[in-house]
Colleague: 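Mind looking over this structure? Questions follow.
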Amino acid sequence: MKNPVSLVAELQRRRVFRALIGYGIAAFAVLQIIEPLMHGLHWSDAVLSYVIVALAAGFPVVVALAWIFDVKAGRIERTDPITGPRGTRLVLLVLALESWPPRPGSSTISCCARGLR
């Protein structure tokens with residue numbers, strides 16, 4: 001009997017962690033650029049909140065795209081799926097975790113939404 005495929009091993013195989021690290025670095029760079037730009041151009045503080053909400057909304061998109069596609073030798077290809085009931089359960093688990101609602105008041109989006117009021 002084969003060992004069941006773990007979620008972490010599948011995320012590594014699909015290079016999701018690499019995509020998330022790249023997204024984190026890019027989001028940090030955007031925040032570092034927008035903050036002084038916002039003050040220099042005398043924009044409202046709400047602009048920073050909008051940028052944070054947009055970056056938080058892009059997070060699940062990056063996870064989904066990294067899960068589905070893989071970049072090999074400069075080409076974008078679909079990642080080979082896991083077949084059988086294990087693959088189906090793993091996909092359902094990832095979709096459930098990605099859409100799991102956070103506790104009220106604990107997410108970045110709800111924190112920023114308070115600043116937008």
Side-chain angles (χ1 to χ4, degrees):
M1 189 164 127
K2 291 183 177 179
N3 291 336
V5 178
S6 71
L7 178 61
V8 174
E10 185 63 17
L11 290 173
Q12 287 175 340
R13 183 181 80 85
R14 293 179 179 258
R15 299 181 182 168
V16 174
F17 290 129
R18 286 185 186 181
L20 291 180
I21 289 171
Y23 186 77
I25 291 170
F28 180 77
V30 166
L31 290 174
Q32 293 300 311
I33 291 170
I34 198 69
E35 208 259 333
L37 184 68
M38 180 184 84
H39 293 299
L41 296 174
H42 304 290
W43 289 346
S44 169
D45 287 339
V47 172
L48 187 60
S49 298
Y50 292 137
V51 170
I52 292 172
V53 168
L55 291 172
F59 181 80
V61 174
V62 169
V63 170
L65 290 175
W67 180 269
I68 297 169
F69 299 108
D70 192 15
V71 178
K72 293 181 181 175
R75 296 183 341 192
I76 298 175
E77 302 173 354
R78 275 189 77 96
T79 305
D80 296 329
I82 296 177
T83 57
R86 287 188 188 133
T88 305
R89 280 184 271 169
L90 188 59
V91 168
L92 292 175
L93 175 67
V94 168
L95 289 175
L97 289 176
E98 196 171 297
S99 63
W100 189 270
R103 289 187 334 231
S106 66
S107 71
T108 305
I109 295 174
S110 66
C111 174
C112 294
R114 279 184 260 140
L116 296 176
R117 290 183 203 154

Colleague: Does anything in residues 22-35 pair up under side-chain hydrogen bond (donor to acceptor under 3.5 Å, both in side chains), and if so which pairs, sequence neighbours excluded?
Modeller: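 For residues 22-35: Glu35-His39.
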
Colleague: With sequence neighbours excluded, tell me which residues meet side chain to side chain contact (heavy atoms under 4.5 Å, CB included) with Leu41.
Modeller: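 By the side chain to side chain contact (heavy atoms under 4.5 Å, CB included) rule, Leu41 matches Leu37, Trp43.
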
Colleague: Count the heavy atoms of every other residue, nucleotide or ligand shown that sit under 6.0 Å from CZ of Phe17, and state whether that count exceeds 12.
Modeller: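 Above 12, so yes.
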
Colleague: List the atom of Val47, the atom of Met38, and the distance in Å for their closest heavy-atom pair.
Modeller: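 Minimum heavy-atom contact is CB-SD, 4.1 Å.
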
Colleague: Where is the tightest heavy-atom contact between Phe59 and Leu20, given as atom of each residue plus distance?
Modeller: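 Distance-wise, the nearest heavy atoms are CE1-CD2, 3.5 Å.
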
Colleague: Sequence neighbours excluded, which residues qualify as side chain to side chain contact (heavy atoms under 4.5 Å, CB included) partners of Ala27?
Modeller: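 In terms of side chain to side chain contact (heavy atoms under 4.5 Å, CB included), with neighbours along the sequence ignored, Ala27 is linked to Leu55.
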
Colleague: Can you list, by chain and residue number, the hydrophobic cluster partners of Ile33 when the side-chain cut-off is 4.5 Å?
Modeller: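 Besides Ile33, the hydrophobic cluster comprises nothing; the residue is isolated.
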
Colleague: Using the rule that Ile, Leu, Val, Met, Phe, Trp and Tyr join whenever any side-chain heavy atoms are under 4.5 Å apart, tell me whether Ile21 and Phe28 fall into a single cluster.
Modeller: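 Ile21 does not cluster with Phe28.
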
Colleague: Val51, Val61: one ILVMFWY side-chain cluster at the under-4.5 Å cut-off?
Modeller: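 Yes, Val51 connects to Val61 through the hydrophobic network.
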
